[in-house]
Protein chains: 2
Amino acid sequence: MRLALDAAADAAIRGEVPVGAVIVRDGAVIATAANAPRALADPTAHAEMLAIRAAAAALGRERLDDCDLWVTLEPCAMCAGAIAHARIARLYYGAADPKGGAVEHGPRFFGQPTCHHRPEVYPGIGERDAADMLRGFFRDRRG
Amino acid sequence: MRLALDAAADAAIRGEVPVGAVIVRDGAVIATAANAPRALADPTAHAEMLAIRAAAAALGRERLDDCDLWVTLEPCAMCAGAIAHARIARLYYGAADPKGGAVEHGPRFFGQPTCHHRPEVYPGIGERDAADMLRGFFRDRRG
């Protein structure tokens, strides 16, 4: 999660909402990504999406069933859907997101009958650091 | 929708689940895409995602609030989330997808309080052709 928090901090420096993600397989990091919809002019460029795409490209396959995803914020519906499509084994996330999250808020996607793969979910990992970074980012933007 | 159905037919020829998508702005097609997770080794490569990313790249911005999306199948949670992030104005889709759809099934994402943009939604456009193509594809794969 330290690597994901570092990626989130990098995103903040670039003016992106600070969220970072890392994909690990057999104890090795195979993808690291930061939120980048502005820089890439791509509304789908959340950290989780970029990490999943990079990991799938690195492995040359669309299923990541032997991979774990670490992300600093509760995934949204788009990212939760991608996590299910990718067959991610375990999801570790930091801060909860009552406004846009889709794991423990809103659609609670992994509990829906239309969700075809449910990862093991471990919330609250590095929550304080992740939440502090997000709060600081939005406070500075308002200031 | 004819263009989206043509893209779906192309996907089937390549062994991908036949779903096609088109993005229209001011009456002009600015992106056309077919489902391609296998070919691209990318679990996020649904037709809608590829079309949204292509349209955003073409316009150089992450918001597509003056664009309409036509897609042959009811979007899943990932794609519905991306449609909301992209601020798509109108969504036209063909066949309903009781197993994986997230518009009129499962999470019914656009009705969730955590959904921050709801497009106008027009289901059932070209539904018969889209559904016939999907049925034919899965029948042939089982045969």
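Chain A is the first sequence line, chain B the second, and so forth, proteins listed ahead of strands; every chain is numbered from 1. Computed from a prediction, not measured in an experiment: that's the story for all the values here.
- Per-residue counts of heavy-atom pairs under 4.5 Å with chain B were compared for A/Met49, A/Arg63, A/Arg108; the largest is that of A/Met49.
- Residue A/Arg61 places its CZ atom among more than 12 non-hydrogen atoms of other residues, nucleotides or ligands, all under 6.0 Å distant.
- Side-chain atoms of A/Ile52 and B/Thr44, non-hydrogen and from C-beta on, do get closer than 4.5 Å to each other.
- Transitive grouping of hydrophobic side chains (ILVMFWY, heavy atoms separated by less than 4.5 Å) brings A/Leu59 and A/Ile88 into a common cluster.
- In this structure B/Arg90 satisfies the salt bridge (charged side-chain N to carboxylate O under 4.0 Å, His left out) test together with B/Asp68, B/Glu120, sequence neighbours excluded.
- Taking Ile, Leu, Val, Met, Phe, Trp and Tyr as hydrophobic and joining them when side-chain heavy atoms fall under 4.5 Å apart, one finds B/Met133 in a cluster with B/Met1, B/Leu3, B/Leu5, B/Val22, B/Val24, B/Val29, B/Trp70, B/Tyr92, B/Tyr122, B/Ile125.
- What you find for A/Thr114 and B/Gly106 is that their closest heavy atoms are OG1-CA, 3.5 Å.
- Heavy-atom neighbours of chain A within the stretch residues 31-39 of chain B, taken at a separation under 4.5 angstrom, comprise B/Pro37, B/Arg38.
- Listed here is the closest heavy atom pair of B/Glu62 and A/Asp42: CB-N, 4.0 Å.
- Contact residues of residues 73-87 of chain B toward chain A are B/Cys76, B/Ala77, B/Met78, B/Gly81, B/Ala82, B/His85, B/Ala86 (heavy-atom distance under 4.5 Å).
- Counting all heavy atoms, side chain and backbone alike, B/Ala56 lies closest to A/Ala41 at CB-O, 3.2 Å.
- Using a 4.5 Å cut-off between side-chain heavy atoms of Ile, Leu, Val, Met, Phe, Trp and Tyr, with links allowed through other members, B/Ile30 and B/Leu50 fall into different hydrophobic clusters.
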